[in-house]
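Comments concern the structure below.
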Amino acid sequence: MSTQAPAAKRDRTHYLYIAVIAAVGLGIAVGILFPEVGKELKPLGTGFVNLIKMMISPIIFCTIALGVGSVAKAAKVGRVGGLAIGYFLVMSTVALVIGLVVGNILQPGTGLHLTPEIAEKGQDQIAKSEGTVEFLLGIIPKTLVSAFTEGEVLQTLLVALLAGFALQKLGTKGEPIRRGIEHIQRLVFRILAMIMWAAPVGAFGAIAAVVGETGWKALQSLAVIMLGFYITCGLFVFVVLGLIIGVFARVNIFKLLRYLGREFLLILSTSSSESALPRLIAKMEHAGVSKPVVGITVPTGYSFNLDGTAIYLTMASIFIADALDKPLTIGEQISLLVFMIIASKGAAGVTGAGLATLAGGLSSHRPELVDGVGFIVGIDRFMSEARALTNFAGNAVATVLIGTWTNEIDREQLDRTLNGESPFDEATLLDENSSDASAESGKKEG
């Protein structure tokens with residue numbers, strides 16, 4: 001009898017996500033027919049995203065502290081983290097090259113002439129960017145708890161890693177603390193499951209606002225770069241990532257993306273991959289990847305695995321330069337965009353962060369191009385969705401790959417999950433046996 005209860009709850013969440021789809025459609029209609037009303041609905045979307053974001057820090061802390069703290073040897077953490085960062089750098093470079101090639105082929109900005117009024121908007125984005133030194137210093141929180149109160153992902157990651165290593169050193173004396181963190185994690189995921197019921201309202205408000213603000217006419221002149229960007233992201237996910245995960249992990253990319261379908265819908269409605277971060281952690285653990293690998297790879301990937309952002313930065317820079325009749329040479333493209341990839345760490349999951357990174361990179365290398373950022377503001381919200389979806393898919397693929405390469409994955413559980421034989425518990429967002437099963441799998445395969 002107890003095994004049937006979760007199934008009934010999963011059915012209810014199925015209707016929840018149908019409601020999200022309906023809310024997106026209704027939001028588009030309101031934005032087109034009543035644009036002023038749509039603009040006023042923006043706080044609904046903002047409020048929902050803020051509810052999700054307030055859960056990010058405690059979820060990351062619990063996941064990483066438990067994942068690292070449960071590992072017998074600290075060397076395993078370093079091995080997983082080093083392998084993950086190396087993979088992220090390679091894939092970001094691949095995405096960078098793809099964006100450069102497609103941007104130079106399409107040349108979407110050629111023939112456009114930006115007006116001074118539109119160009120002036122770009123100046124507002126400069127103040128929002130930060131340099132590499134500020135980024136590195138910003139990883140260190142002011143106090144041990146300020147990372148949680150300020151919602152800084154990388155600061156929380158640092159504190160969680162320190163806590164996890166401390167739990168390792170405590171040994172059996174740290175077991176009560178570890179159990180306490182497990183209880184807190186269960187509470188946090190339950191709160192998140194409750195918040196998810198507000199998703200239709202948040203999606204309705206966010207979509208109505210963006211359509212009301214931009215309208216369709218504002219998108220027509222930018223259709224080439226939008227379409228090219230979406231096609232490029234699609235090719236990167238289905239061809240590049242699909243080939244890599246198929247060869248190295250023997251996993252069908254379509255099955256993996258179908259398993260994460262609800263998360264993609266959530267990202268599409270909020271334009272932020274951060275909104276799906278807690279669910280990605282839970283689902284990857286359920287799919288058989290061990291807690292240490294998930295706890296290290298997923299949060300690190302949200303700061304360093306910027307596949308979609310890399311493609312966006314390259315194509316947007318070429319677009320702006322062409323639109324201002326000041327095209328970039330190949331040398332300038334490479335030096336400028338490599339700098340922006342380095343400066344953009346930590347911005348993958350935040351709506352609009354790519355725009356600020358773009359402005360910051362242009363102001364550092366080609367200040368005369370910053371004015372053109374204003375021309376892309378109107379469609380950045382839509383391009384942000386493609387960035388977030390691509391970044392999310394890249395992190396999901398990376399987690400499976402790192403788990404495979406480190407022998408920290410239960411292949412039988414992964415196959416059952418992707419084939420629909422082991423459904424994810426949408427009610428609790430937790431798999432009570434995942435940590436034990438994954439750890440046991442790691443022992444057998446290691």
Side-chain angles (χ1 to χ4, degrees), residues 79-106 129-132 135-136 154 225 228-249 253 273 296-321 328-349 353-354 356-358 360-362 364-366 383-384 386-402 404-405:
R79 182 163 60 98
V80 171
L83 185 60
I85 292 177
Y87 169 81
F88 295 153
L89 290 176
V90 171
M91 294 312 298
S92 293
T93 302
V94 172
L96 174 70
V97 172
I98 290 175
L100 282 175
V101 172
V102 174
N104 282 285
I105 292 175
L106 292 180
S129 61
E130 65 175 12
T132 305
F135 159 74
L136 293 174
L154 287 182
I225 187 173
F229 181 61
Y230 269 80
I231 292 175
T232 304
C233 289
L235 290 174
F236 180 81
V237 172
F238 294 111
V239 178
V240 178
L241 294 181
L243 182 63
I244 292 174
I245 197 173
V247 171
F248 291 101
I253 186 69
S273 57
I296 295 170
T297 305
V298 174
T300 305
Y302 263 68
S303 293
F304 290 91
N305 195 24
L306 307 171
D307 301 334
T309 305
I311 296 172
Y312 166 80
L313 291 175
T314 54
M315 294 186 67
S317 296
I318 294 173
F319 169 79
I320 290 172
L328 298 165
T329 66
I330 295 298
E332 288 175 332
Q333 291 177 24
I334 294 175
S335 62
L336 166 66
L337 299 170
V338 167
F339 168 83
M340 288 197 295
I341 291 299
I342 296 173
S344 66
K345 297 298 181 285
T357 302
L358 176 64
L362 290 175
S364 300
H365 284 63
R366 290 284 298 273
M383 298 180 76
S384 177
R387 291 199 301 269
L389 291 169
T390 305
N391 289 335
F392 182 82
N395 285 321
V397 170
T399 305
V400 175
L401 287 173
I402 301 301
T404 301
W405 290 334

If you compare all heavy atoms of [X] against all heavy atoms of [Y], which two are closest, and at what distance to 0.1 Å?
X	Y	answer
S92	A310	O-CB, 3.9 Å
I245	G242	CG2-O, 3.5 Å
Y87	L401	OH-CD1, 3.5 Å
V400	A249	CG1-CB, 4.1 Å
L100	I318	O-CD1, 3.9 Å

When rounded to the nearest 0.5 angstrom, what distance separates [atom1] in [X] from [atom2] in [Y]?
X	Y	atom1	atom2	result
F236	T390	CZ	OG1	8.0 Å
M315	I98	CE	CD1	11.0 Å
D307	N395	CG	CG	7.5 Å

Legend entry - Close side-chain approach of F248 to V397, heavy-atom, < 4.5 Å: no
Legend entry - Heavy-atom side-chain proximity of T297 to F88 below 4.5 angstrom: yes
Inset, instruction - Return yes if some donor-acceptor pair links the side-chain N/O of T314 with the main-chain N/O of I311 below 3.5 Å, else return no. - result: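 Pair found, side chain donor or acceptor close to backbone of I311.
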Legend entry - Any donor-acceptor N/O pair, N391 side chain to G308 backbone, under 3.5 Å: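 Checked: pair present.
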Inset, instruction - Report the residues that fulfil side-chain contact (heavy atoms from CB on, under 4.5 Å) with I231, sequence neighbours left out, ordered by chain and then residue number. - result: L227, L235
Inset, instruction - Would you please name every residue forming a side-chain contact (heavy atoms from CB on, under 4.5 Å) with L83, sequence neighbours left out? - result: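 Partners of L83 by the side-chain contact (heavy atoms from CB on, under 4.5 Å) criterion, ordered by chain and then number, come out as I402, W405, T406.
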Inset, instruction - Please test M91 against I244 for side chain to side chain contact (heavy atoms under 4.5 Å, CB included), starting from the C-alpha separation and ending with a verdict. - result: CA-CA 10 Å; M91 294 312 298; I244 292 174; 3.6 Å; yes
